[in-house]
Amino acid sequence: MSNVLEGKVVIVTGSGRGIGQCLVEEAARQGARVVVNDVGKDEDGNATAEIVAEGIRSAGGEALTSQHNIADRASVEKMVKTAVDQWGRVDGLVNNAGILRDKIFHKMSEEEWDQSLLVNLKGSFNSARAVAQLFKEQASGSMVHMTSTSGLIGNFGQANYSAGKMSLVGLSKSIALDMSRFNVRSNCVAPFANTPMVMAGIPKETEEDLERWRVIERMKPENIAPLVCALLSDASADVTGQIFGARANEVYLFSQPRPIRTMHIGDEGGITTEAVIDRVLPGFKGSMVPLDRSINVFTWDPV
């Protein structure tokens, strides 16, 4: 099967480098007309979105450049309008843009919290909301939101990033539920990749740090794109409300929170604080989730 996105129009936010660049380039190879959105510039001051878009056009694809700021609702609506004015529709949205403002929680400032949530969560809402009415009217459309195991599992020094990325899971599921009757899909992908944003935050001071670098360097950002493009395609018409992961040559389907234990402790007087302390917490202890980080869960090397 080839050109699975033929004729579709796809917007990818944060696609001026890293995972986003690989996503938009693969979407173009699969036949999509793409909107390359990024506010970044390279070392010479050139817009990274235009550099990527020009590369796609040089390879025979169709691409528009967008430097609209996803943190601003009006700006995002202009981005969507630009695509509709040019191509008449939008079929797919990938909420990929994100930023890191890492800091151990008790030292995190309100500004670091707000900056992270503004892009990682509100920016994704803005983009999703900007295409929602269009998708409803078309009775079709697919959204893919890039979450993170920092939220799904946990990580040090990323309370703001983790909160935003875990919130994306709730946003995606709500979109899937609210818009399923309009044939609109919404899924999440947790990527593992050696992007500039990720690598900038990893020290090289200890042997453990260097080993982590060696592992991450094997996780190429281009390995994320096939899963995302598959979710944008009509072949995934019945896939919605799910959480996937991609790492090197592995693809994952993540679980979602569901009750795993129950205990009835209502006597004549009803449930009491003492009963919870004496019976519930000890009874549930063996099933409680440990204080893991992503590195504790994904203990094997990328395949």
Side-chain angles (χ1 to χ4, degrees), residues 95 98 100-110 112-113 116-117 120-121 124 144-177 186-193 198 201-203 206 208-209 211-212 215-216 219 224 227 239-248 250-303:
N95 271 322
L100 291 176
R101 293 292 184 270
D102 291 359
K103 188 72 68 67
I104 202 76
F105 181 69
H106 64 276
K107 295 182 179 180
M108 183 173 291
S109 69
E110 183 179 9
E112 288 162 339
W113 173 269
S116 178
L117 271 291
N120 296 321
L121 181 57
S124 295
V144 179
H145 315 275
M146 307 305 278
T147 184
S148 172
T149 55
S150 292
L152 298 173
I153 299 170
N155 206 1
F156 288 135
Q158 291 192 318
N160 47 7
Y161 186 75
S162 298
K165 290 301 185 178
M166 194 60 172
S167 296
L168 271 183
V169 173
L171 175 63
S172 177
K173 188 63 174 285
S174 294
I175 293 170
L177 289 167
S186 180
N187 293 285
C188 284
V189 170
F192 296 73
V198 171
I202 300 176
T206 67
E208 183 181 1
D209 293 337
E211 179 57 31
R212 189 178 176 196
V215 170
I216 293 177
M219 298 187 288
I224 312 301
L227 171 60
V239 179
T240 190
Q242 305 304 308
I243 309 167
F244 297 92
R247 185 178 83 144
E250 302 168 302
V251 174
Y252 308 103
L253 177 65
F254 282 93
S255 63
Q256 299 188 33
R258 297 292 184 273
I260 58 173
R261 291 287 303 275
T262 183
M263 184 179 294
H264 180 264
I265 58 169
D267 299 322
E268 282 190 19
I271 188 170
T272 65
T273 301
E274 291 75 15
V276 172
I277 293 171
D278 294 339
R279 296 168 58 188
V280 175
L281 297 183
F284 285 177
K285 192 163 188 178
S287 300
M288 290 182 181
V289 177
L291 201 59
D292 285 329
R293 293 185 294 152
S294 181
I295 196 172
N296 305 127
V297 174
F298 292 89
T299 56
W300 62 99
D301 285 351
V303 177

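These numbers come from the heavy atoms of this one structure, side chains and all, not from hydrogens, waters or symmetry mates. Sequence positions, counted from 1, serve as the residue numbers for this chain. Here the structure is a predicted model, which means the values were calculated and not measured.
- Between the CD atom of Gln256 and the CG atom of Leu152 there is a distance of 9.5 Å, given to the nearest 0.5 Å.
- Among residues two or more places apart in sequence or in another chain, the side-chain contact (heavy atoms from CB on, under 4.5 Å) test is passed with Leu281 by Val276, Met288.
- Here Ser287 pairs with Ile260, Arg261 under the side-chain contact (heavy atoms from CB on, under 4.5 Å) rule; sequence neighbours left out.
- The main-chain N or O of Leu168 is never found under 3.5 Å from a side-chain atom of Ser172 such that the two would form a donor-acceptor pair.
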Apply side chain to side chain contact (heavy atoms under 4.5 Å, CB included) to the pair Val297 and Thr149, showing each step before the final yes or no. CA-CA 10 Å; Val297 174; Thr149 55; over 6 Å; no
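- Rounding to the nearest 0.5 angstrom, the gap separating the CZ atom in Arg293 from the CD1 atom in Ile153 is 11.5 Å.
- In this structure, the side-chain hydrogen bond (donor to acceptor under 3.5 Å, both in side chains) partners of Ser109, at least two apart in sequence or on a different chain, are Glu112.
- Counting heavy atoms of neighbouring residues, nucleotides and ligands inside a 6.0 Å radius, atom CZ of Phe105 does not exceed 12 of them.
- At a threshold of 4.5 Å between non-hydrogen side-chain atoms, the residues Tyr161 and Ser148 count as touching.
- Taking the side-chain contact (heavy atoms from CB on, under 4.5 Å) definition, one finds that Glu274 meets it with Thr272, Asp278, sequence neighbours left out.
- Interatomic distance, CG of Asn187 versus OG1 of Thr147, reported as 12.0 Å (0.5 Å rounding).
- The two residues Ala275 and Ile265 have their closest heavy-atom pair at CB-CD1, 3.8 Å.
- With respect to Ser186, the side chain to side chain donor-acceptor pair (under 3.5 Å) criterion is satisfied by exactly one of His145, Gln242, Lys173: His145.
- Within 6.0 Å of CG on Leu253 lie more than 12 heavy atoms contributed by other residues, nucleotides or ligands.
- Note that NZ of Lys165 is 9.5 Å distant from CG of Leu121, once rounded to the nearest 0.5 Å.
- Scored by the side-chain contact (heavy atoms from CB on, under 4.5 Å) test, Ser162 finds Ser150, Gln158 as partners (sequence neighbours excluded).
- Expressed to the nearest 0.5 Å, how far CE of Met263 lies from CD1 of Ile271 amounts to 10.5 Å.
- The heavy-atom pair separating Leu227 from Ala246 by the smallest distance is CD2-CB, 4.0 Å.
- Every ring-ring contact (aromatic ring centres under 6.0 Å, His included) that Tyr252 has, sequence neighbours left out, goes to Phe298.
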Show the numbers, then the answer: is there a side chain to side chain contact (heavy atoms under 4.5 Å, CB included) between Asn95 and Met146? CA-CA 6 Å; Asn95 271 322; Met146 307 305 278; 6.0 Å; no
Using the side chain to side chain contact (heavy atoms under 4.5 Å, CB included) rule, take Ser294 and Phe192 through it: C-alpha gap first, then chi angles, then the decisive distance, then the call. CA-CA 10 Å; Ser294 181; Phe192 296 73; 4.0 Å; yes
